[in-house]
Structures are given as C-alpha cells and as structure tokens.
2 protein chains.
Amino acid sequence: MATIYEVSKLAGVSLATVSRVINNTATVREATRERVEKAMRELGYQPNTMAQSLASNRSNSVGVVVSELNGPFYGTLLSEIEKAFRAVGKHVVFAASHSDQAIEQQSIEFLKSRRVDALILHVESVSDEYLAKLNQTDCPVIILNRDVPALEKQCITLNNRLGGYLAAHYLLQLGHRDIAYIAGPQWKSDARDRYLGHCDALREAGIEPNPELFYEGDFQETGGTQGFLALQQKAIAFSAVVCGNDEMAAGVIAEAHDQDIDIPEKLSIIGFDNVNFSHYVYPKLTTIDYPIASMGQMAAHWILQHVYQQKTPPLQQLFEPKLVIRDSTTHYDDNCAKNSP
Amino acid sequence: MATIYEVSKLAGVSLATVSRVINNTATVREATRERVEKAMRELGYQPNTMAQSLASNRSNSVGVVVSELNGPFYGTLLSEIEKAFRAVGKHVVFAASHSDQAIEQQSIEFLKSRRVDALILHVESVSDEYLAKLNQTDCPVIILNRDVPALEKQCITLNNRLGGYLAAHYLLQLGHRDIAYIAGPQWKSDARDRYLGHCDALREAGIEPNPELFYEGDFQETGGTQGFLALQQKAIAFSAVVCGNDEMAAGVIAEAHDQDIDIPEKLSIIGFDNVNFSHYVYPKLTTIDYPIASMGQMAAHWILQHVYQQKTPPLQQLFEPKLVIRDSTTHYDDNCAKNSP
DNA sequence: GCTATAAATGAAAGCGCTTTCATTCAATCA
DNA sequence: TGATTGAATGAAAGCGCTTTCATTTATAGC
C-alpha cells in the first residue's frame, strides 16, 4: 500500500503539502494540487486511517450502544445512523448491551477504547451522573429516548404521553368506552408516559381510568398474551385493548385468533411503535408511529454539527408520534357484544 | 488520558516492558508484572487503539458488508457477528450496500480504508475475480451465501437446493400435486437453487414441473402478491404455493386474506428463511429455516482462527436447512376445491 | 527596482505504541 | 570463582500521518 511519502516523492512536494491536499486544510496552489492528486491516483493511494487518527487525535468514528442489534426498532435506527455517517466518510461501531446494566457499561467502555469521536446511546441502566461525566471527560454523548437533565441539549426523545393519548382518543372517537390497557414495565419512563397519555384521553372524555382494565406487561409478545388472558379473567367487559407496544399487541392478536375472537368486530386492538411486523399481522395493526428513523438521523446530525462542524438540517429534539390507522380497529356500538369470558 | 510513558515512569520500567505486559508477548518476571499492572490501575490506563494499530499494523477490527443493516435476516447475522467478536475484544464495522453493485464496491473500499483485519461479505454483485484479488492483496475475506471457487475454503453457504426440496416434498406428503412456485430473481444463485430443489422433489414424485405454475418474483412482499395474482389469472388450479422466501409468502397471505381465501383449508403456503415475522403472520407460516445465526457465528469463528489464531469450535462451511411446520399448510384431498379463479 | 506583505511550501517534531537488537541479570556447571 | 547460557529488560527506531514554525515564492505598491 502506498504511503504519503511515496505520493510526495512522485508529486515532488513535501509531506505537509500532500496532507494539505488530502485534508483541504490550507491554501494550495491549483497546479500543485493537481500534481498531488495525479500522484495519488497513479499510486492508488488510500490514507491509513490509523495514522490519521493517531496524528490528529480524532478517529473519525462514532460508537453506538443499543440493547440489541436486531429487531425492527433497533435495526431501523442502526441503518439510519450508518447511512448518515457513511455519507461523510465516518465509520460507525455498534455494541449491544442486551438490556443489562453491567454489559451496558462494558459496551460504553469498549467503544471508548476505540477512541470514538462521539457516542450515541440508547441505554437505560447507567446513571445520569455517569452519562454527564462521560460527556465531560471522554467524548460528546447523545442520548436517545431518555431525558438526562444535565445533558438536556443532547437528548432526543419522543412525546410518549401524546402517543398514549392518541391511541385512546382514537378509540373513544370510534365509540369505545371500556378500553383495556396492557402496559410496558412501569420502571421504564416511556412505558409510564404512554399510560399517562392514555389516562389523559380517558379523563378528557369524562371517564375515570379503571385499574381493573390495566395490566403491566413486559414489552414482549408473551406479556401481551398473558395480559389479555388476565384481563379476561377479571370478568370485566372491554371492547378494545391498547398495548404499550406492537409486540404485546401481536401477542393479544395471536391469543384472540386462538380463541376465535373476531378482530376488529369483537375487539379492537391498537399497538405502539409501528415496527415493521405490525404490517404483517392479520388484521394489519392500527398503531402509533414511533419515528425512530428520523430520531436516528437527528442524533447523527447533532454529532455532525457539533463534533465535525458540518452543516446539517435544523436540529430537533422532541419528536411527535402519529396514529397509523390500519385494520385492527373498528367502530363500537352497543349492538355488538363486548369482549368478556 | 494516561499514556504508556506515564505507566512506565510510575512502575519504574521501560516502555517495552509495559507493552509486554499489556500484550503478553514475552516472559516478564512476576514481580515486574505486578508493578506494571498496579501502575495501570492507579492511572486508569487504557491503551490507545489507534497507536496500537499503527505500530502493529493490525486494527483489531473486522468489516462486514450486507445489503441492509435492518430486517430480520441481516439483523440476526449482525447480532451474532458482533457478539462473537465482542467476546474477544475486537470491534466490528458494518456497511450497507443496498443491493447495488456500485455501493457494494464502495462499501468494501470504505472498510478497507479502515484497515480492517478481515472482511465478512454477504455480497452479490462484485465479481469472483474482485473477491479473490481482494483476499490476496488486502485482507482475508470470508463469503457468506455464495460459492467463489477461488476462495472455496472461505465460503459459508446454505444448501438452498435441499431447502427447496424439503418444502415441495412436505407438500407432496400432504397430498398436494398441483403446487405453484413463486421464485426469487433467477440471476441470484440462491433463488435458482431453491427452485431446482423444488423440481427435484416434484420429479421424485413422478411429476414434471409445469412452467405455468412458476412465477419469477423479486424476493419482496409485492412480488408475492403479484405472483399470486398472475398465477390465478392463468386459470390453472393449484392447491398450494411455495414461495422462494418468507417475504413473498407474506404477500401471498395478505392477498389471500383480501380475497377471503381460507388458509390453509383452501390453499397451503410455504415460505423460506424463517425470518422472525413468519411467526407473526396469520396463520403462522410453515417455512424453511435458514440458520443465519449459526452461519454468522461460523464466519466469525473462521476469522478468529485464521486471522487471530484463536481456538474456536470446529469450522463448518455448508449448512443444512430445516422444515418448520406451523399453521399455513394442511392435508389436501380431492374433496376440497383447489384454488383457481 | 526595491520593499513589504501575503501566499505557498518545506523541515522537523511528535502522536502512542510495538518490535528488534543490545545489554544486563540470574542461574548453572566445571 | 569464572565462564556460559538463558531469562529479563532497556534503548532506540519506526509505524504513517498531522501540525507548527521557518523559509521561500509571488504579488502589490511606491
């Protein structure tokens, strides 16, 4: 592999001039530039990024920590991030934390050892203090889907409360009044906020939320199935179920199929996230769109602007969910039997 | 951040000795080692991987090129690869080629510029010659899901032909005789091999494959929908459809729902890949399991062994598919109407 | 033509680490 | 005790590039 010394020899200039041409860091006479570029082409020169990084104390890479590298939610996020950085020649290194506190911290340390220029973190367990210190002593940090007061300009979040509101509001508009809710784990702020928004919509319609129509699930498909069974056992009628995410909604749908419950004629169902499989369940799921692609792009833009001084579209921190109406919901009136055991 | 000079000062040894302790490259007296390790702990020393890479001419990172970073198939692959390398402290850099020849080559060049120690490639467009040369002049390459004769020890493949055989064979066992086939693009060897296996099973049962029951799709959901509509228009009865992948099978299922065709009572459907959404469609899809997770692991193991001289479980190059029976297939007998317009 | 200033380029040091050859230390044997 | 050999460590060069200060070249104004 050709080195910068060989390019400088062939072009008849110094190393510094070759470097200036490569990095566009200073004025170079046009004729000189062309000589250098010609030499680089002839030698098939590719800069050694390790040497560049060491000499410039910048790695031109960004680290990303997420719970898993697969799945519809994270896959979309990773894809958008890679796309944004690739477009400007920066590499991305991903690490999976598997929703485990120890592994979360290890993942961050692992990426730090790579001297990444910045970190994009979708993490839950590490403390606010840890994140603030990390940002101060190591590298800039951008946080997805979490509010860290000390880093408030560096957090990108979704208005989960509004999402919860939109789902319940839509069902109320369809005429439903007895709406069951299968929540995500309530230690997670997004799960809590979604339920709060749900209650907002109920109260706005003059309905006091009924604790008997609430089940705390685990954001997994099995949690949806178990939640549905548990709600049925309470012998309280409900004509609709809102789930805190699409995966639990899929669990409800599967169980409803098993019980030959007609969806949406006998039971309307709404999920949250609009992950790609929500389109594959039958009937197609009405859900709340979580603009994870846009949020991933925004995280990348923040870094491009603040770390690499590149121009980007305007930055946005708070994202709004949208209702996506598909086939799993329908009008409710008293002539249809409500779902009960 | 502490440097190796500071560690050597504090421990009272030379740089070379600190390096020897870090890398375990030579005998170091136990007492000396302990002094060095204590100094590293006190200083919170983390090696600068850029300097390590430059000095050792090894980046301790691996590049991976796949079509997309998201989706059930690639997501699983990426996850397994990251896991295997993370366990031994190596970083992985992914690049998405979007099934475009120019971007495929750019992606590889992009990763080369990172001086990755090896490349894992799931690519279709770049030529065998390019790959062989790449392996020779740049870095070791391992190929997934493609046979490159010049790199035969470095190709990890699935027996697609057997998978196609298993699907058709199962339907034949269920009593089906008129089986439609919606294929992937026939320029892709996996799509071709799957259909060859399909034909093997038919011929084994004394049935000559009927070109009228064949449609070349695009491996996308829309291809499945259009394939199904096209086959219906031929006014040839068929009681089952085999699709070259799950995504096209999902398109067939969606169209069948729209036409109120009872699945599997009126039409049995089989997909291929066993991607995670095959579990979410209704009825749950019978499909052929593609062990992408195991194959990703094997790619990583090959590199760990050949590039990093680490011990791994035994290497395997050819993987076998498995039939996964779910709910989209049922027995066929002449008392049920075949599917036709 | 000379002087001053700006533009352009070169020389050298250094980024943090690895590796190789030289040197020192320790152990064994005669 | 001295010589030999093996173990352990140190000194120095260098990986490929960036950056800063010194030097050279070019331009403009008088």
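Note on naming: letters A, B, ... go to the chains in the order of the sequence lines (proteins, then strands), and numbering restarts at 1 for each one. As the structure is a computational prediction, the values presented were derived from the model and not from experiment.
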When the distance from CZ of A/Arg33 to P of C/dA7 is rounded to whole Å, what number comes out?
16 Å

Polar contact flag, side-chain donor to acceptor under 3.5 angstrom, A/Tyr290-A/Asn145
yes

Counterpart residues, side-chain contact (heavy atoms from CB on, under 4.5 Å), relative to A/Glu6 (two or more places apart)
A/Ala2, A/Thr3, A/Leu43

Given C/dA26, C/dG16, D/dC17, identify the nucleotide with an atom nearest to the side chain of B/Arg29.
C/dA26

Are there any protein N/O atoms within less than 3.5 Å of an N/O atom in nucleotides 19-22 of chain C, and if so, which ones and at what distance?
| unit_1 | atom_1 | unit_2 | atom_2 | d |
| --- | --- | --- | --- | --- |
| C/dT20 | O4 | B/Arg20 | NH2 | 3.4 |

Whole angstrom is fine here: how far is it from CZ in A/Arg115 over to C1' in C/dC15?
11 Å

With a 4.0 Å cutoff (strictly under), does any side-chain N or O of A/Gln52 reach OP1 or OP2 of D/dT18?
yes

Between CD1 on residue B/Ile143 and OG1 on residue B/Thr157, distance to nearest 0.5 Å
11.5 Å

Roughly how many Å is it from CG in B/Leu54 to P in D/dC15, rounded to a whole number?
9 Å

First encountered from the 5' end of DNA chain D, between A/Asn48 and B/Val13
B/Val13

From NE2 (B/His91) to CZ (B/Arg114), nearest 0.5 Å:
10.5 Å

List for me each residue that meets side chain to side chain donor-acceptor pair (under 3.5 Å) alongside B/Arg33, sequence neighbours excluded, and say none if there are none.
B/Asn24

Nearest-nucleotide wise, let me know which of B/Met50 and A/Ser14 is further upstream toward the 5' end of DNA chain C.
A/Ser14

Report the distance from atom CD of B/Glu30 to atom P of C/dC25, rounded to the nearest whole Å.
21 Å

Grab the CZ-C1' distance between B/Arg114 and D/dG16 for me, whole Å please.
15 Å

For the residue pair B/Tyr74 and B/His122, does the interplanar ring angle fall in the parallel (under 30°), tilted (30 to 60°) or perpendicular (over 60°) class?
perpendicular

Could you pull out all residues at least two apart from B/Arg20 that satisfy side chain to side chain donor-acceptor pair (under 3.5 Å)?
none

Can you tell me the distance, in whole Å, between the CG atom of B/Leu43 and the C1' atom of C/dG16?
15 Å

Checking all strands, does A/Val18 fall into the base, sugar-phosphate, or nothing category for heavy-atom contacts under 4.0 angstrom?
nothing

Between C/dT18 atom P and B/Arg58 atom CZ, what is the distance in whole Å?
13 Å

Roughly what angle, to 10°, lies between the helix axis at the start of the helix from C/dG1-D/dC30 to C/dA30-D/dT1 and the one at its end, five pairs per end?
40°

What's A/Asn57 touching, base or sugar-phosphate or nothing? Going by heavy atoms closer than 4.0 Å.
nothing

Under the 6.0 Å and 45° cation-pi test, does A/Lys188 pair with A/Phe219?
no

Indicate yes or no: at least one non-hydrogen side-chain atom of A/Asn135 is less than 4.5 angstrom from one of A/Pro140.
yes

Roughly how far, to the nearest 0.5 Å, is the CG atom of A/Leu119 from the CG atom of A/Asp138?
8.5 Å

Nearest 0.5 Å please: distance from the CD1 atom of B/Ile292 over to the CD atom of B/Glu80.
9.5 Å

Write down the distance between CE (B/Met1) and P (C/dC15), rounded to a whole number of angstrom.
16 Å

Stretch residues 3-12 of chain B: residues that reach within less than 4.0 Å of DNA chain C through a heavy atom
B/Thr3, B/Ile4, B/Tyr5

Between B/Gln46 and A/Ser113, does any side-chain donor sit less than 3.5 Å from a side-chain acceptor?
no

